[in-house]
Amino acid sequence: MLSPALETSAGGFLLVLSIVVPVAGVLLAFALGDRYVRLVAFTVVPVGSTIAAAVLLVLPQNDGHLAYLLGAWPPPLGVALRADGSSAVMLATTAIVICVVAVFAASDFRPASGNRRAPFAFWILLLAIWAALNTIFVGGDLFTLYVALELLTFAAVPLVSLEGRAETLQAALRYLLFALLGSILYLMGTALFYGLYGTLDIVLLSHRASAEPGALIAAALMTTGLLAKTALFPLHLWLPPAHAGAPAAASAILSGLVVKGSFFILLRLWFNVRPGMSGFAAAQFLAALGAGAIVVGSIVALRQERLKLLVAYSTLAQIGYLFLMFPLAFNASGQLESGQALAGGLLQTVSHATAKAAMFLAVGSIYAGFGHDRVTGIRGAARALPLSVMTFALAGFALMGVQPGGAALAKELLLQETARTGQWWWAGVLQVGGMFTAAYVVLVLAHALSPPDQPVALVAKPPRSSGLAALALALCSLLLGLLPWEPYLPITYAAESKLFGVEALVKLLVTVFGGAALAILLSPWPHPLAFSAAGKTIMHLIAPLRRTCIGLGSLVETGDGVLRQWSTASISLLLVALLLAALMFVAN
Amino acid sequence: MNFARDIMTIACVSTGAFFFLAGTVGLLRFPDTLTRLHALTKADNLGLGFVVLGLLPQAGGLRDGLKLMSIWMFALLAGATVSQLIARTVRRSGAG
Amino acid sequence: MSSVSVFGLCAAAAVGLGLYGLITNPQPLRKIVAFNLLGSGVFLLFGIVGRRGAAAGVGNDPVPQALVITGIVVAFSATALAIALLLRLFHAAGSTTLSSRAPTSPRSDPSGG
Amino acid sequence: MSIATVFEVALAAVVLGLAIWTIAVPETYSATVGFVAYGLLVALIWVRLDAVDVALTEAAIGGGLGGVVLLGAAARLRDAEATAAERPDRFTRLIAAILSASIAAALGLAILILPDHAPTLAPVVAANAGATGMANPVTNVLMAFRGMDTMLEKVVLLLTVVGVWSLASDRAWGGRPGPHHEADPHGVLAFLARLLPPAGIVVGIYMLWTGADHPGGAFQGGAVLASMWLLAIMAGLADTPPVSSRWLRFILVAGPGLFLVVGLGGLCFGAAFLAYPVAFAKPLILGIEVAMVLTIAATLALLLAGAPERNA
């Protein structure tokens with residue numbers, strides 16, 4: 001919950017600093033010029049991280065709330081910054097990911113003569129993304145959040161096309177246009193909210209807003225706009241090419257952090273602005289889209305030959321996972337409650353942010369080492385690039401829900417909520433989602449661990465510091481379940497204690513074996529298993545089944561291709577908006 | 001006195017509007033670029049001139065009057081330059 | 001009908017037209033124009049909301065006006081960035097199509113550009 | 001129906017007609033021309049809505065400079081029109097039309113059923129105008145009450161410059177943006193470019209200055225200054241500076257930079273971040289606006305010029 005108080009709290013200035021420091025970094029880096037951008041970035045990163053840590057420390061002492069009135073003007077006239085437990089967690093996550101990516105990118109984006117353009121853009125955009133995300137996490141006003149959202153988009157788009165190849169330019173343009181469509185829908189809702197209630201302050205709106213038709217239309221439009229920016233299936237046309245086309249460090253930021261920005265605003269909108277008016281049906285709809293994302297994203301991921309695209313599609317699936325918590329968060333009186341389900345969703349977000357960033361970094365190193373990133377061509381990677389493969393493995397384990405990862409804890413929390421609310425079907429989706437994640441992790445590892453036909457000759461050796469940074473991030477994701485979350489998120493010990501035990505181990509084994517089976521059945525590439533005698537027999541036995549599954553997979557891939565056409569995607573966007581509005585009307 | 005001012009305003013602005021109408025009809029109906037340009041600049045110069053002249057009696061003071069006059073002057077200047085440029089392009093490309 | 005209703009419906013219609021253009025026009029440049037149309041419709045919404053809130057001797061609530069001014073500048077930035085991307089894409093690829101063929105194919109040139 | 005309503009209905013009809021033309025006309029160039037005309041008429045609607053500040057911004061930036069960007073691109077992309085012809089089939093267009101119309105209808109409905117007692121912040125803004133010493137309520141909102149949005153939006157502008165520049169080829173990095181304009185030094189354009197800028201600069205500064213108490217301000221003034229600079233560049237009298245130029249970089253960060261410094265001053269010595277001490281509020285805000293008008297002018301002009309293309 002956000003602080004209801006309309007006054008600055010002690011320590012509130014930290015919220016200002018969390019925005020101002022990266023902004024100052026952007027301005028300074030731009031003014032000082034190409035040679036000093038990296039230096040500025042490396043000065044700002046520790047300062048910004050200290051501020052995030054300070055927010056974490058100060059927040060529990062203030063009953064879990066921080067607030068700051070900008071210009072000392074109270075809302076609705078002025079703009080307030082507010083932080084609650086979820087803001088603090090996201091601030092810290094962002095700081096960690098940015099730190100790691102900065103270390104990873106230090107050598108790739110070293111300003112050198114003849115190569116100044118990319119470093120100049122990269123470091124400034126990195127800092128700008130940080131500023132935008134922090135503004136999103138602590139912004140208390142819907143229009144300030146809009147400006148921050150645009151800042152985020154304008155910083156993210158040039159990262160996609162940093163390499164200047166035609167296909168990345170195309171990906172960047174698609175991303176920009178679709179994101180603009182999303183933000184315009186968001187802005188429409190903002191206008192209606194102001195017209196209805198005369199304020200855009202989140203806390204004031206939560207007191208004033210009621211389920212009248214205008215507010216429902218506004219909410220539907222804003223939700224849809226944010227879904228487009230978060231790339232929830234079927235509004236994902238821009239994500240795979242954009243995330244796969246960017247340089248590794250940029251992909252890590254785009255996949256790990258940028259999509260979480262619009263998702264966080266969505267949480268604010270649903271849980272803080274209007275907890276009572278969303279309606280159960282609309283939440284089910286969102287979760288259904290999420291389930292669609294898990295199935296389609298995972299199946300298409302398994303069919304990708306390029307690792308980067310595989311990881312990008314896995315992001316698509318994981319975004320779907322984030323939406324499963326919406327129907328689980330309703331309490332008995334039909335209100336969205338900022339309780340355990342929300343905590344599970346946020347934990348899922350944090351876990352994905354760290355794990356997926358680490359994964360993209362690992363894939364980037366593999367790409368740099370092999371000179372390509374074809375799944376079928378990375379045999380022997382485990383011996384040639386042990387650090388990167390280990391990073392990929394650990395990040396993958398964290399994602400699929402291996403203890404004590406954040407995803408495991410999140411899954412446990414959400415499963416408890418499905419039991420509490422009696423929505424067993426989402427429990428099934430949660431389990432299947434874990435299995436699909438296991439599938440593409442196992443697939444990649446099987447290829448990377450199998451011995452090469454001929455000795456691997458690396459094109460380039462990625463610097464050790466980069467590899468270690470990525471590994472640290474993966475480890476961080478895998479240890480999230482051990483952290484003390486109580487001061488920030490409503491998580492009970494009951495969930496944590498269930499993490500270890502025979503039951504949990506059985507669940508894990510089911511997930512991994514299920515994943516392996518899915519990988520064998522759905523991946524069209526020659527399987528490494530097939531080269532041993534026993535493997536050949538097994539493959540022979542299941543050949544007809546595998547053919548059917550692969551046929552099904554190619555059908556899904558074709559469908560995905562249709563959905564990713566511009567006109568289909570934008571029609572889906574309007575359809576989602578109208579459906580959401582209709583569902584909300586029915587509920588109220 | 002007020003009445004006389006209003007009469008002048010109505011007369012001048014109406015005349016200005018007529019020139020705009022004529023210019024627009026010319027722009028749409030004339031056969032080639034140069035004659036269209038001719039119609040357009042007439043409308044700009046005379047039509048806007050009359051409108052400004054008509055508004056002058058309604059201006060609050062000398063400052064507002066000067067602002068109105070300078071708007072007309074700038075429009076004249078820009079219009080003259082642009083039509084020169086267009087005409088030259090037309091002559092060079094021989095599209096006549 | 002009051003001026004608020006007239007311009008309100010006008011704004012809604014501009015939004016509809018902009019959406020239609022954004023979806024159906026094949027050229028990216030036309031999409032950008034349509035986006036601008038859409039944006040101006042949304043800004044007009046703010047203007048209508050502000051006009052309804054005229055009070056205290058001010059003909060239009062200054063807060064939505066300020067939001068729109070910010071919004072117009074952001075929309076202009078978006079247009080400029082999109083156009084720059086488009087021109088660069090045309091320069092690099094010789095066409096400006098947005099259809100998705102390229103991304104799923106394996107890359108032929110591993111060194112990048 | 002009063003005569004004012006007749007005028008408003010006619011204005012709305014013409015605006016909609018232009019909007020339809022802009023979407024439906026086959027040639028891209030005509031569409032952009034239609035959009036510029038549309039933008040100017042929308043500015044008239046803003047005047048009718050009694051929002052002159054917005055009208056100026058819309059005319060200067062929305063329809064004006066935005067139109068110039070689109071027109072320039074349309075001219076450069078004329079050859080590309082044929083290559084991108086993948087027009088969706090009739091069925092898709094029909095669905096798109098139905099859905100767009102539904103969204104428009106929902107929006108129109110939402111506007112028509114807004115509450116009779118419209119909420120407003122106008123009285124609060126007016127009551128607090130004394131804190132800044134400026135009479136233009138919009139400037140007060142932009143610079144004081146919602147100063148954070150304005151500062152972040154300046155960063156958005158700067159990032160757009162970074163984004164546009166990042167599209168340069170590695171070879172052209174550090175060079176001058178945009179194509180070089182050769183014009184007859186004795187031609188009519190050069191004549192205009194010598195005659196107009198002095199007056200234009202005065203107008204731009206006037207718009208900034210008058211923005212404290214009357215409609216106007218840094219955006220509108222900045223747009224006028226930017227167009228004067230562009231005029232000189234197009235006439236060949238000036239050239240875009242190389243992107244590595246130190247003073248250019250300085251001007252581009254001056255506006256948000258000063259905003260940030262003043263804001264931090266408020267954090268350290270005053271009431272809050274972005275709070276102005278009452279005694280110095282007006283000079284401080286005007287100081288920020290002067291820096292901002294330079295930044296806005298340079299940014300807008302550079303965004304129009306595009307990515308670096310030529311070596312300095």
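The sequence lines fix the lettering, A, B, ..., with proteins before strands; numbering per chain opens at 1.
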Chemist: Quick check: are there more than 12 heavy atoms from other residues, nucleotides or ligands sitting under 6.0 Å from CZ of B:Phe20?
Modeler: yes
Chemist: Show the nearest heavy-atom pair for residues B:Leu85 and D:Val188, with the distance to one decimal.
Modeler: CD2-CG1, 3.9 Å
Chemist: Do D:Phe191 and B:Gln84 touch side chain to side chain, with heavy atoms closer than 4.5 Å?
Modeler: no
Chemist: Could you tell me whether D:Met234 atom CE has more than 12 heavy atoms of other residues or ligands within 6.0 Å of it?
Modeler: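 No, not enclosed.
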Chemist: Once rounded to the nearest 0.5 Å, what's the spacing between atom OG1 of B:Thr81 and atom CG of D:Leu195?
Modeler: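 If I round to the nearest 0.5 Å, the distance is 8.0 Å.
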Chemist: In this structure, are over 12 heavy atoms from other groups packed under 6.0 Å from B:Phe18 atom CZ?
Modeler: no
